[in-house]
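As the structure is a computational prediction, the values presented were derived from the model and not from experiment. Atoms within each ligand, like the ligands themselves, are counted from 1 in listed order. For the single chain, residues carry numbers from 1 onward in sequence order.
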Amino acid sequence: MIQIIPTQPIDGQKPGTSGLRKKTRVFRQPGYLENFVQSIWDGIGGGQGKVLVLGGDGRFFNTQAVQTILRMAAAAGARRVIVGRDGLLSTPAASHLIRSRGADGGVILSASHNPGGEDGDFGVKYNTANGGPAPESVTEAIYQATTQITQYQTLDSSDLDLSAPGTAHLHQTEIEVVDPVAEYAALMEKLFDFGAIRALFDSGFRLRFDAMHAITGPYAQEILVNRLGAADGSVVNATPLPDFGGGHPDPNPVWAHELMGHMMGDAAPDFGAASDGDGDRNMIVGRGVYVTPSDSLAVIAANAHLVPGYAGGLKGVARSMPTSAALDRVAEALGIACFATPTGWKYFGNLLDAGHATLCGEESAGTGSDHIREKDGLWAVLMWLNILAARRQSVAEVMAAHWQEFGRNYYSRHDYEEVDSDAAHALMEDLRARLDRLEGQTFGALRVAEAEDFSYTDPVDGLVTARQGIVVSFDGGARVVLRLSGTGTAGATLRVYLERYVAGPEGLQQDPQTALREVIDAAEALCALHARLGRTAPDVVT
Ligand code: G1P
Ligand code: ZN
């Protein structure tokens, strides 16, 4: 029986960089999830007749939320919902399923790399028929619906058993439970030279993949160990847990310090990698060498022709604006276009759909291609493994050769987390007010060549997205970018992106924080961020 439940708008249900992300406790308030899900249906023109994909990263509240959403999809008249076994799907696997099944869209439950658990974070994201995050026009319609909602519809039915693949009915909606790994693994087999990677492992190549107790455990076990022959035990922290084992499932040197320790130690394997809560991010480490995401993207672009799925060449590449320009140098050498977009994967969708770009990535450990419409952690790992197998070189050798050829964009991001929101907004506004006057001024040892508030005009639909981060470029090509995070759930997070180019052949093996010293000092001189935020150092340096 369909139930119509009266409700009223709840403040703050505005999707951010990547869906609606809140404390789990907020999502568990009566009607909170229901209001947002009903608003999704309202924002996309109703659920009647739709085919939807549903799954999440398994964090606390995933199980309950999946059942709630199934009931609401059935009450809305959806034709079919394809749901991962036990309500699980990695974000890339969900994106692939939406595309391969020709679904109208999908609901993904995740707060990505944010901690999970009762006191952690939860999130809900809507992806459209191309498999990618809903564009601004759709998230805005959803948000408008949250401000006008008067009722939601659900069923008074009991929970469905989602523990095994098969088909069931809920009201008039067909519910298809699928193995979360199978179709994704099949796609990877099509893109990569599994034979060459298997031969690499057969020759004694050793790998450590840290799933950080998040969703990629089962995917990595199946693909890397079962299908590619990596040694048993190569995938660690492989069992997904509702609170990610109390950890912070963000694959960077700070949160994946256990893996970093292994990779920098005497007994390091040849290759290390990690992924995040929902499986779309990646971290790449060689023995004794950490590869920044910006460099990883550039290396992948420069070597993509070695991978069967990309042997035909790249149509173009794209990066988020704060990502380093290492990619631009590769694009120039390849003679292809390189786009700079605002932060957030949703801005890549149009470029991929229109065939303007094949590869894209962000400095925040997201890399991907037009095989789906999300970034893809395991895909990036397989890219690297395929490239290493083809080049017969170590990670350190690949990096050294890359920098020799293209020069090196030293890069680092300094995050000030959970700072006072008013102070952070005031800092940005004050800087905005000074932008016109900055050119020619000197901060520390660096002189400003250009300052702007980044604005993006989508080349496909012409939509303009303004105020996407303040970019201060200095003489000689160094730059600082400042922007506020759109994914945090407490206070504000200020991200300071620092970059400097060294052409080589000398000076290519410096420590990034040392190489960036003048840029870091210039950023401080520019906006006195420590004094204004009441901090003495960043919380996270990547
Ligand atoms: C962060 C990253 C961004 C990424 C997003 C979702 O957003 O910076 O690159 O697309 O998470 O994974 P932010 O918190 O900076 O808004
Ligand atoms: Zn993620």
Side-chain angles (χ1 to χ4, degrees), residues 14-21 55-59 89-95 108-116 121-125 127 132-134 139 211-212 214-216 219 240 244 248-252 255-256 274-283 292-294 297 318-324 340-349 360-368 372-380 411-419 424 428 454 465 467-470 481-497 539-540 542:
K14 191 176 173 61
T17 312
S18 188
L20 184 68
R21 240 177 243 185
D57 65 9
R59 67 180 61 221
L89 280 177
S90 75
T91 291
S95 180
I108 302 175
L109 309 178
S110 171
S112 187
H113 50 288
N114 294 13
D121 292 347
F122 193 77
V124 177
K125 185 166 84 155
N127 282 29
T139 54
M212 302 185 87
I215 191 77
T216 47
Y219 292 85
F244 307 121
H248 199 131
D250 194 358
N252 65 42
W255 296 116
S275 190
D276 72 331
D278 61 332
D280 56 0
R281 294 187 173 199
N282 73 87
M283 178 170 102
T292 67
S294 292
L297 175 61
R319 62 167 170 90
S320 67
M321 177 274 288
T323 301
S324 96
T341 60
T343 295
W345 207 261
K346 59 187 170 202
Y347 297 100
F348 293 133
C360 43
E362 297 189 278
E363 52 66 41
S364 54
T367 330
I372 54 171
R373 291 296 180 273
E374 289 277 5
K375 51 192 179 246
D376 189 345
L378 269 165
W379 172 91
Y411 187 83
S412 182
R413 189 178 96 188
H414 292 189
D415 289 337
Y416 296 83
E417 294 183 339
E418 299 192 19
V419 295
M428 291 295 286
F454 181 67
T465 312
R467 294 167 66 89
Q468 291 300 303
I470 292 173
V481 176
L482 293 107
R483 63 176 282 280
L484 294 174
S485 158
T487 58
T489 55
T493 292
L494 179 73
R495 305 201 193 285
V496 184
Y497 309 81
D539 299 281
V540 179
T542 53

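- In the vicinity of Gly344, heavy-atom distances shorter than 4.0 Å reach the ligand 1 atoms 10 (O).
- When each of Ser95, Cys360, Ser18 is paired with Trp345, the side-chain contact (heavy atoms from CB on, under 4.5 Å) condition holds for Cys360 and for no other.
- Listed by chain and residue number, the protein N/O/S atoms under 2.8 Å of the Zn ion (ligand 2) are Ser112 OG, Asp276 OD2, Asp278 OD1, Asp280 OD1, with waters left out.
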Checking side chain to side chain contact (heavy atoms under 4.5 Å, CB included) for the pair Ser294/Arg319: CA distance, chi angles, key distance, verdict? CA-CA 9 Å; Ser294 292; Arg319 62 167 170 90; over 6 Å; no

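- If you check which protein heavy atom lies closest to atom 9 (O) of ligand 1, you get Ser364 OG, 2.6 Å.
- For Asp57, the salt bridge (Lys or Arg N to Asp or Glu O under 4.0 Å) partners are Arg59, not counting sequence neighbours.
- Of the candidates Thr343, Asp278, Asp250, it is Thr343 that places a heavy atom closest to atom 3 (C) of ligand 1.
- Looking at Ser112 next to ligand 1, no N or O pair under 3.5 Å apart turns up.
- For Glu362 (side chain) and Gly344 (main-chain N/O), a donor-acceptor pair under 3.5 Å exists by modelled atom type.
- The distance from atom CD1 of Ile215 to atom OG of Ser110, rounded to the nearest 0.5 Å, is 9.0 Å.
- Between Tyr497 and ligand 1, a contact under 3.5 Å exists for no N or O pair.
- You'll find the side chain of Thr91 reaches within 4.5 Å of the side chain of Lys125, heavy atoms only.
- In terms of protein heavy atoms, atom 10 (O) of ligand 1 is closest to Glu362 OE1, 2.7 Å.
- The single protein non-hydrogen atom nearest to atom 7 (O) of ligand 1 is Thr487 CG2, 3.5 Å, given as residue, atom name and distance.
- Distance check, rounded to the nearest 0.5 Å: CG of Leu482 to CE of Met428 gives 6.0 Å.
- By the 3.5 Å distance cut-off applied to N or O atoms, Arg21 is not counted among the residues near ligand 1.
- You'll find the side chain of Phe454 reaches within 4.5 Å of the side chain of Pro342, heavy atoms only.
- Considering both main-chain and side-chain atoms, Arg281 comes within under 3.5 Å of ligand 1 through a nitrogen or oxygen pair.
- Ring geometry, Tyr497 versus Tyr411: the interplanar angle falls from 30° to 60°, so the pair is classed tilted.
- Residue Lys375 has at least one nitrogen or oxygen atom sitting less than 3.5 Å from a nitrogen or oxygen atom of ligand 1, judged on distance alone.
- Here the closest heavy-atom approach between residue Asn127 and residue Pro133 is recorded as OD1-CA, 3.5 Å.
- Of all atoms in ligand 1, numbered sequentially from 1 with element shown, those under 4.0 Å from a heavy atom of Arg495 are 8 (O), 13 (P), 14 (O), 15 (O).
- A donor atom on one side chain and an acceptor atom on the other are found under 3.5 Å apart for Asp276 and Ser112.
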Show your reasoning for whether side chain to side chain contact (heavy atoms under 4.5 Å, CB included) applies to Leu494 and Leu484. CA-CA 5 Å; Leu494 179 73; Leu484 294 174; 3.7 Å; yes

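- Residue Gly486 has at least one nitrogen or oxygen atom sitting less than 3.5 Å from a nitrogen or oxygen atom of ligand 1, judged on distance alone.
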